[in-house]
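This report concerns only the one structure given below.
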Amino acid sequence: MNTTNATNATVTHSTAEDAGPRVAASSADPHVAGPSADPHVAGPSVADPASLHTSVIAWFDRHARDLPWRRPEAGAWGVMVSEFMLQQTPVARVLPVYEQWLARWPRPADLAASPSGEAVRAWGRLGYPRRALRLHGAAQAITERHGGDVPRDHAQLLALPGIGEYTAAAVASFAYGQRHPVLDTNVRRVFARAATGIQYPPNATTAAERRLARALLPDDEAAAARWAAASMELGALVCTAKSEDCGRCPIADRCAWRLAGKPAHEGPARRGQTYAGTDRQVRGRLLAVLRDATEPVPRSALDTVWNEPVQRARALDGLVADGLVEPLDGDRYRLPLT
DNA sequence: CAAACGTGGCC
DNA sequence: TGGCCAAGTTT
């Protein structure tokens, strides 16, 4: 296991306006006052970032899951594939698909050489199948623009289809050991509780959260990468959304939320994502038929999955518009061969 | 910035 | 039973 020691976090200024992070100064930083600085400055405060790093990384060394994309042989491509699949999808459902995917397409160029429809088919029931299309598109771009190697540069990663702020940082950090704030839903929840003292982070990532993540990032590159994986794992295994297990938390003694008596979340709950009866459900049914078919499917067969004709047609049109389905002559459809 | 975008397991 | 949640991105 990694034995890198955590180092002091970068310390940033905060102002009354930005409500930014207020991280206690390390003795090496002359610019920032200590924990008892201006009481009017709002925002989270972490007394000792270095001890947080040490505790969370030590916990990670003992409890990290042995996931295939964390093994050295996974490589940057394996990391990237896993990140696409893990977007909004639980680890347990990703594991079998990931293994099949890497066995079939061990390098980006292998995937790029296959039809996009095969990527959609291999995606199976992971959900959000446009991710499969984007991963295929990213593999093509990597093959064409980067010589077949997953780029190391954050900006180049961000330019690939399906890669946003989180995934670019994750690949750069996990695959290449770079120093980036990796703000996923797990880390955001850990920070919200431990540093800000609230049960849940805001619905959308805020500038204040980015500042906090930046401020808490260890200076040392290897330590920062370790911290990213460790803080994420803590949120996934211990500091979970519903049934957090503070008894197993390495920083429970410093957690602002716990020390405040674990006050319940205020404000509106996250908008529930209704599913039954939506276009998404119809799209899912239509695509399931196409995935299981080896030959073009006549429209009449697709018509059986949903009884409401207007919504059914809208869903099918949407799939075609998204490039997930290819219309053929004779009112037939299939996964795209392009 | 809100809304769209799949699927299945859990309490 | 049904709402909530899961390593987000795109428009």
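All of these numbers come straight from a predicted model, not from anything done at the bench. Letters go in sequence order (proteins before strands), and every chain restarts at 1.
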Legend entry - A:Gln88 side-chain N/O to C:dG8 phosphate OP1/OP2 under 4.0 Å: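 True: A:Gln88 side-chain N/O within range (under 4.0 Å) of C:dG8 OP1/OP2.
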Inset, instruction - Give a yes/no on whether any side-chain N or O of A:Lys242 is located under 4.0 angstrom from OP1 or OP2 of C:dC4. - result: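 Indeed not, no polar side-chain atom of A:Lys242 lies that close.
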Would you mind reading off the distance between [X] atom [atom1] and [N] atom [atom2], rounded to a whole angstrom?
| X | N | atom1 | atom2 | value |
| --- | --- | --- | --- | --- |
| A:Arg188 | C:dA6 | CZ | P | 11 Å |
| A:Arg189 | C:dG8 | CZ | C1' | 14 Å |
| A:Gln87 | C:dG8 | CD | C1' | 5 Å |
| A:Arg280 | C:dT10 | CZ | C1' | 14 Å |
| A:Arg70 | C:dA7 | CZ | P | 12 Å |
| A:Tyr128 | C:dA7 | OH | P | 13 Å |
| A:Glu244 | C:dC5 | CD | C1' | 14 Å |
| A:Leu157 | C:dG8 | CG | P | 17 Å |

Is [Y] paired with [X] through a side-chain N to carboxylate O contact shorter than 4.0 Å?
| X | Y | result |
| --- | --- | --- |
| A:Arg258 | A:Glu244 | no |
| A:Arg104 | A:Asp110 | no |
| A:Arg179 | A:Glu221 | no |
| A:Asp317 | A:Arg314 | no |
| A:Asp48 | A:Arg254 | no |

Legend entry - First encountered from the 5' end of DNA chain C, between A:Glu233 and A:Pro161: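 The answer here is A:Glu233.
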Inset, instruction - Report the residue (A:Leu67 or A:Leu160) whose heavy-atom-nearest nucleotide on DNA chain C is the more 5′ of the two. - result: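 By nearest-heavy-atom nucleotide position, the 5'-most residue is A:Leu67.
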If we take the [atom1] atom in both [N] and [M], what is their distance in whole Å?
| N | M | atom1 | result |
| --- | --- | --- | --- |
| B:dC11 | C:dA7 | P | 15 Å |
| B:dC5 | C:dG2 | P | 24 Å |
| B:dG8 | C:dT9 | P | 23 Å |

Inset, instruction - Give one of base, sugar-phosphate or nothing for A:Glu165, where a contact means two heavy atoms less than 4.0 Å apart. - result: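 Since only primed, P, OP1 and OP2 atoms lie under 4.0 Å of A:Glu165, the category is sugar-phosphate.
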Ignoring hydrogens and geometry, is there a side-chain-to-backbone donor-acceptor pair from [X] to [Y] under 3.5 Å?
| X | Y | answer |
| --- | --- | --- |
| A:Trp257 | A:Thr196 | no |
| A:Arg193 | A:Ile198 | no |
| A:Trp227 | A:Leu52 | no |
| A:Arg299 | A:Asp331 | no |

Inset, instruction - Establish, from distance only, whether the side-chain atoms of A:Glu83 and A:Tyr166 form a donor-acceptor pair under 3.5 Å. - result: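 Yes, side-chain donor-acceptor contact under 3.5 Å.
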Inset, instruction - Please list, in 5' to 3' order, the outermost nucleotides of DNA chain B lying under 4.0 Å from any heavy atom of chain A. - result: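 From 5' to 3', the first and last contacting nucleotides are B:dA3 to B:dG8.
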Inset, instruction - Return the 5'-most residue of the pair A:Thr278, A:Ser243 with respect to DNA chain B, ranking by each residue's nearest nucleotide. - result: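 Looking at DNA chain B, the more 5' nearest nucleotide goes with A:Thr278.
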Inset, instruction - Give me the residues of residues 284-293 of chain A where at least one heavy atom lies under 4.0 Å from an atom of DNA chain C, by number, or none. - result: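 Contacting residues: none.
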